[in-house]
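Below is one structure, written out as structure tokens; the observations come after it.
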Amino acid sequence: MEELRVKRRIVLVPVPAQGHVTPIMQLGKALYSKGFSITVVLTQYNRVSSSKDFSDFHFLTIPGSLTESDLKNLGPFKFLFKLNQICEAGFKQCIGQLLQEQGNDIACVVYDEYMYFSQAAVKEFQLPSVLFSTTSATAFVCRSVLSRVDAESFLLDMKDPKVSDKVFPGLHPLRYKDLPTSAFGPIESILNVYSETVNIRTASAVIINSTSCLENSSLAWLQRELQVPVYPIGPLHIAASAPSSLLEEDRSCIEWLNKQKLGSVIYISLGSLALMETKDMLEMAWGLSNSNQPFLWVIRPGSIPGSEWTESLTEEFSRLVSERGYIVKWAPQMDVLRHPAVGGFWSHCGWNSTLESIGEGVPMICRPFTGDQKVNARYLERVWRIGVQLEGALDKGTVERAVERLIVDEEGAEMRKRAINLKEKLEASVRSGGSSCSSLDNFVNSLKMKNFM
Ligand code: UDP
């Protein structure tokens, strides 16, 4: 009798951006620990392969894909769109070569929902595939809903202040203005991309970096609508830590934090893509300075339009910051959030930052920039009640008040208690017997069942 062969290779296809690379590499670690070998297929703009943390992984690069300078020139949205157009053939070539060299040992191709070009190769080689969503389940629900709206009338609703403040039917407590539209492209193109991302085609399952204690009803919605198993296995940064910073971390801020009082510091970071106007930064600096709280501020090179780093900021800004603040280009965010001196996180509310902050029990000041960050900010303020959202034009008075509410007032202490309570629930969900841990086991078992041939 022919010997049964278990397929043990999982091919991962990440989006080349920090917020997507981090969770998919964590997923890779989680699956590696379950006995799978991991092949990561990168575009030419990616630097994770050099990391010693992933020496057990196998890396391939899609030939002819876009580079870092394409990202700078095109902006994130057009970059992603073009990437999907040009990677289809190269990815087929990569998979074809892999099959030729290793034989067909591929248990499945796990592709980031934004790398939907992967489906062409999967179809051609008849491989099992799984869609991986690195955003919240609620953001996925929103993208599904948006992919069905009429772009023209939706745009009119968004422009009408009377409508944009209203709750969107069926998505309570999200208002029209909280829906994940993007600052990086026109609405029609965004809705088109959303239809591509939520179209699961032949994918046999969906994995989500979330957990039922955070998003039970959105997960149930997806489970009903998608008609394939949905596996919420997050937060992956707790389940399977895997350092994958694309920028160099400045650890000097930890020394600075060591000198600050317990729970006093506001940590400010807007993630890897959000931009910040100089006038807003000045209002922030004034507000932070007037609040008398120390602050650690990540100002990423290129995050101020028209400026390499901070050279466009005025002397007034430097004076305000030098009194109580500390600036770095990129921080070891997890170490910062778990530092006892940190009392609050001013965030753009990217999904990773949101999970990381909740995972350390740190309440947030929410200032979303674009896309799903608006969904997360609304949930932080209204559903989990561990955040203060700053809406409209930034001014120093509102900034000062938000910092006081979070760090000084009783309201902030209550938020912190709720955040710590959620932190404990997140930890329990990834422990043995917890919902995310069981979900990962179920996913692995489903692969093993399909693998016998
Ligand atoms: N991050 C970091 N250092 C920083 C700022 C951000 O390590 O100074 C990490 C952060 O821990 C998170 C990721 O970058 O894992 C940002 O992802 P997120 O989804 O929050 O936002 P995005 O960058 O996708 O907008």
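Counting convention: from 1, in listed order, for ligands and their atoms alike. Here the structure is a predicted model, which is why all the values come from computation and not from measurement.
Ligand 1 lies under 4.0 Å from heavy atoms of Gln18, Gly19, Tyr267, Ser269, Gly271, Ser272, Val298, Trp330, Ala331, Gln333, His348, Gly350, Trp351, Asn352, Ser353, Glu356, Gln373.
A salt bridge links Arg175 with Glu391: the closest approach of a Lys/Arg side-chain nitrogen to an acidic carboxylate oxygen falls below 4.0 angstrom.
Applying the salt bridge (charged side-chain N to carboxylate O under 4.0 Å, His left out) rule to pairs touching residues 255-278 yields nothing, sequence neighbours excluded.
Ring-centre distance between Phe91 and Phe117: below the 6.0 Å cut-off. Tyr379 has its ring centre less than 6.0 Å from the ring centre of Trp384.
Applying the side-chain contact (heavy atoms from CB on, under 4.5 Å) rule to Ala341 yields the partners Leu257, Gln260, Val265, His339; only residues at least two apart in sequence or on another chain are considered. Listed by chain and number, the residues in a salt bridge (charged side-chain N to carboxylate O under 4.0 Å, His left out) with Lys417 are Glu414 (sequence neighbours excluded).
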